[in-house]
Amino acid sequence: MADETGLDFSDQSSSLESKYQQLKGLYNPHNVQALKDLYTHLTPIQRLTIPHHPNRPTVLDHILNITDKDKWVELHGDGAGYNDPAIVTDIGSIDGKSFMFIGHQKGRNTKENIEHNFAMPTLHGYRKALRMMKYVDHHGFPIITFIDTPGAFADHLKSEELGQVTGSGGSGGALAIGCANKLFMLENSAFYVAIPEASAAILWKSAQAAPKATEKQSIRASPVVSKKKNI
């Protein structure tokens, strides 16, 4: 973010992490309130750094945490000879009921992020997701998707090889698996048409206006709820 906007919140993030580590092991009402205050007073643009924390749970972490023990299996392939690791697809059970889980998979470190293409799917990933959706629709399984991506990846060479036309990333990367009967957002998540830097460059002709764009877009969970936006 600092490279594109000139804004760097790494110091604030480090300070937050340090304060959190100091307070989390000392339970009393004052410390509980202090922990809440650490996040309550963040600006919208600062809050957007939270979803990028490397220790946040990944999609596979969520799946393992909510499914019955040893009752899930990962599925691979788009049916055309490709498997995109940026999209993971799993069948698992919760309280004995079968579900299909589909989501963007990030890594814990640089090696894992490269392996999963930083959770930016190509056409092969969406084709894999569509293949699995059709499969479970035939069997009547509910589908749960997890959205955690900076956007789609324009894989022009392979797309042209398969006779496909690709668009830009951003909103399409999330919306491709985000159109659902119900959409839930975690407190510090964000859902947007375009990243704040892109919106700022379009509307205010400068990526430096990213903080203003973040505020105006109301892309975080709490503004969406408070304004009762239908997304």
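Quick note: numbers below take in every heavy atom, side chains included, and nothing from hydrogens, waters or symmetry partners.
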Of all the heavy-atom pairs spanning [X] and [Y], show the shortest one and how long it is.
{"X": "P150", "Y": "A119", "result": "CD-O, 4.1 Å"}
{"X": "I177", "Y": "I102", "result": "CD1-O, 4.3 Å"}
{"X": "P121", "Y": "H104", "result": "CG-CD2, 3.4 Å"}
{"X": "E215", "Y": "P44", "result": "OE1-CG, 2.8 Å"}
{"X": "A210", "Y": "P196", "result": "O-CB, 3.8 Å"}

Please say which of N113, T58, N117, D148 ends up in a side-chain hydrogen bond (donor to acceptor under 3.5 Å, both in side chains) with K106.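 One option only clears the test, and that one is D148.
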Walk me through whether I114 and F118 qualify under side chain to side chain contact (heavy atoms under 4.5 Å, CB included). CA-CA 6 Å; I114 292 175; F118 295 86; 4.1 Å; yes
Just wondering, do H124 and N83 contact through their side chains at under 4.5 Å, heavy atoms? no
Side chains of V59 and D90: closer than 4.5 Å at any heavy-atom pair?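 No, too far: nothing below the 4.5 Å cut-off.
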Could you measure the distance from the CD1 atom of I144 to the CE atom of M100? Nearest 0.5 Å is fine. 11.5 Å
Got more than 12 heavy atoms from elsewhere within 6.0 Å of OH, Y135?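 No, because the 6.0 Å sphere around OH of Y135 holds 12 heavy atoms or fewer from other groups.
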Check the orientation of H62 and F146. Use parallel for under 30°, tilted for 30 to 60°, and perpendicular for over 60°. parallel
Audit row: D84, D78, side chain to side chain contact (heavy atoms under 4.5 Å, CB included) steps and yes/no: CA-CA 8 Å; D84 185 353; D78 65 352; over 6 Å; no
Side chain to side chain contact (heavy atoms under 4.5 Å, CB included) evaluation trace for Q105 with I63: CA-CA 11 Å; Q105 177 66 17; I63 293 173; over 6 Å; no
